[in-house]
Trainee: 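I am attaching a structure below and will ask some questions about it afterwards.
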Amino acid sequence: MVDSITELGAADAGCIAVSGSHGGWSAARYAAAARPLLAVFNDAGVGKDGAGIAGLAVLQAQGIAACTVAHDSARIGDAGSTLADGKISHANEAARALGAEPGLRCAELVARLRPDA
């Protein structure tokens with residue numbers, strides 16, 4: 001877990017990156033550089049022209065699974081809240097292939113992907 005997606009580095013490749021960051025294109029650049037198995041963001045209310053979830057398409061184009069939790073289900077900037085309280089609101093195709101569906105609790109998705117954790 002990272003409160004800010006900017007905390008990820010190359011050593012985190014393949015991780016499940018649960019963050020408190022918004023799901024915009026600027027945040028997606030940091031996730032893309034780290035190449036996680038799955039990146040989880042906050043939808044930040046989606047925003048004008050879908051700005052809060054724009055990063056999902058950016059990451060899909062790079063073959064990286066990404067989803068957001070609803071802004072009213074988890075605190076923005078708080079990865080612990082994303083994991084414990086967050087409910088999936090949006091997911092790219094790669095994330096859907098991993099089981100991310102709107103309404104699913106983030107904790108449940110992570111438990112399915114990392115049953116040993």
Side-chain angles (χ1 to χ4, degrees):
M1 288 189 304
V2 291
D3 288 332
S4 173
I5 203 72
T6 63
E7 297 173 48
L8 291 183
D12 298 307
C15 75
I16 297 174
V18 175
S19 79
S21 295
H22 63 75
W25 67 266
S26 61
R29 294 183 317 172
Y30 290 98
R35 310 272 326 151
L37 170 67
L38 172 68
V40 183
F41 302 95
N42 190 296
D43 71 14
V46 180
K48 185 176 181 180
D49 299 325
I53 62 170
L56 302 185
V58 171
L59 293 170
Q60 178 64 42
Q62 296 187 39
I64 298 172
C67 62
T68 58
V69 298
H71 70 284
D72 58 358
S73 70
R75 291 183 295 278
I76 297 172
D78 185 339
S81 180
T82 300
L83 180 62
D85 308 316
K87 292 185 180 174
I88 306 298
S89 58
H90 299 86
N92 66 16
E93 203 171 311
R96 285 182 183 266
L98 294 176
E101 292 295 332
L104 181 67
R105 292 177 39 99
C106 181
E108 186 175 338
L109 175 61
V110 170
R112 288 180 186 174
L113 295 173
R114 300 278 190 212
D116 57 333

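Because the structure is a prediction, the values reported are computed rather than measured. What you see below is based on every heavy atom in this structure, not just the backbone, and it leaves out hydrogens, waters and symmetry mates. Throughout, residue positions are numbered sequentially from 1 according to the sequence presented.
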Trainee: Do you know which two heavy atoms are closest between Val46 and His90, and how far apart they sit?
Mentor: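 Scanning both residues completely, I find the closest heavy atoms to be CG2-CE1, 3.6 Å.
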
Trainee: Without swapping roles, check the side chain of Glu7 against the backbone of Ser4 for a donor-acceptor pair under 3.5 Å.
Mentor: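 Flag set: sc Glu7 to bb Ser4 pair under 3.5 Å.
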
Trainee: Between Val40 and Leu37, is there shared hydrophobic-cluster membership here, with clusters defined by ILVMFWY side-chain heavy atoms closer than 4.5 Å?
Mentor: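 Yes.
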
Trainee: What about Leu104 and Leu38, same hydrophobic cluster or not, with Ile/Leu/Val/Met/Phe/Trp/Tyr joined at side-chain heavy-atom distances under 4.5 Å?
Mentor: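 As far as the 4.5 Å side-chain criterion goes, Leu38 and Leu104 are connected within one cluster.
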
Trainee: Return the minimal non-hydrogen interatomic distance between Asp3 and Gly80, and the atom names on each side.
Mentor: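 Looking at all heavy atoms of both residues, the closest pair is OD1-N, 4.4 Å.
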
Trainee: If I compare all heavy atoms of Cys67 with all of Leu109, which pair ends up nearest, and what's the gap?
Mentor: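 Scanning both residues completely, I find the closest heavy atoms to be SG-CD2, 4.3 Å.
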
Trainee: Say whether, by atom type as modelled, one donor and one acceptor occur between the side chain of Asn42 and the main chain of Ala74 under 3.5 angstrom.
Mentor: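 Yes, because the side chain of Asn42 sits within donor-acceptor range (under 3.5 Å) of the backbone of Ala74.
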
Trainee: Which heavy atom of Gln60 sits nearest to which heavy atom of Ala94, and what is that distance?
Mentor: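 The answer is OE1-N, 2.7 Å.
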
Trainee: Please check if Val2 and Leu59 belong to a single hydrophobic cluster, counting links between Ile, Leu, Val, Met, Phe, Trp and Tyr side chain heavy atoms closer than 4.5 Å.
Mentor: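 In one cluster: yes.
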
Trainee: So, does Ser81 use its side chain to make a donor-acceptor pair with the main chain of Asp78 at under 3.5 Å?
Mentor: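 No, Ser81 side chain to Asp78 backbone: no donor-acceptor pair under 3.5 Å.
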
Trainee: Which distance, rounded to the nearest 0.5 Å, do you find between the CD of Glu101 and the CD of Glu108?
Mentor: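 One finds 11.5 Å between CD of Glu101 and CD of Glu108.
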
Trainee: Do other residues, nucleotides or ligands put more than 12 heavy atoms under 6.0 Å from Glu93 CD?
Mentor: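 Open.
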
Trainee: Applying side chain to side chain donor-acceptor pair (under 3.5 Å) to Asp43 and His71, what does each step give before you reach the verdict?
Mentor: CA-CA 6 Å; Asp43 71 14; His71 70 284; 3.2 Å; yes

Trainee: When you measure from the side chain of Ser73 to the backbone of Lys87, do you find a donor-acceptor pair of N or O atoms at a distance under 3.5 Å?
Mentor: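 Indeed, once roles are kept as given, a pair shorter than 3.5 Å links the two residues.
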
Trainee: Can you list the steps and then say if Ser19 with Leu8 is a side chain to side chain contact (heavy atoms under 4.5 Å, CB included)?
Mentor: CA-CA 10 Å; Ser19 79; Leu8 291 183; over 6 Å; no

Trainee: Is any side-chain heavy atom of Arg96 less than 4.5 Å from a side-chain heavy atom of Pro102?
Mentor: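 They are in contact (side-chain heavy atoms under 4.5 Å apart), so the answer is yes.
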
Trainee: Do Ile53 and Val58 share a hydrophobic cluster (ILVMFWY, side-chain heavy atoms under 4.5 Å, transitive)?
Mentor: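 No; Val58 is not reachable from Ile53 via cluster members.
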
Trainee: Could you report the tightest heavy-atom contact between Ala31 and Ala39, atom names first, then the distance?
Mentor: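 Heavy-atom minimum between the residues: CB-CB, 4.2 Å.
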
Trainee: Side chain of Asn92, backbone of Ala65: donor and acceptor closer than 3.5 Å?
Mentor: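 Side chain of Asn92 to backbone of Ala65: no pair is present.
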
Trainee: Same cluster for Leu56 and Leu98 if Ile/Leu/Val/Met/Phe/Trp/Tyr side chains link at under 4.5 Å?
Mentor: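 No, it is not one cluster - the side chains of Leu56 and Leu98 are not joined through contacts under 4.5 Å.
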
Trainee: Taking Ser21 for its side chain and Ile5 for its backbone only, find out whether a donor-acceptor pair lies under 3.5 Å.
Mentor: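 At least one qualifying donor-acceptor pair exists.
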
Trainee: Can you spot which of Ile16, Val18, Asp12, Ile64 makes a side-chain contact (heavy atoms from CB on, under 4.5 Å) with Pro36?
Mentor: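 Among Ile16, Val18, Asp12, Ile64, the one that satisfies the side-chain contact (heavy atoms from CB on, under 4.5 Å) with Pro36 is Ile64.
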
Trainee: Tell me whether Arg35 contacts the main-chain N or O of Ala10 through its side chain, where contact means a donor paired with an acceptor under 3.5 Å.
Mentor: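 Judged by distance alone, no pair lies under 3.5 Å.
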
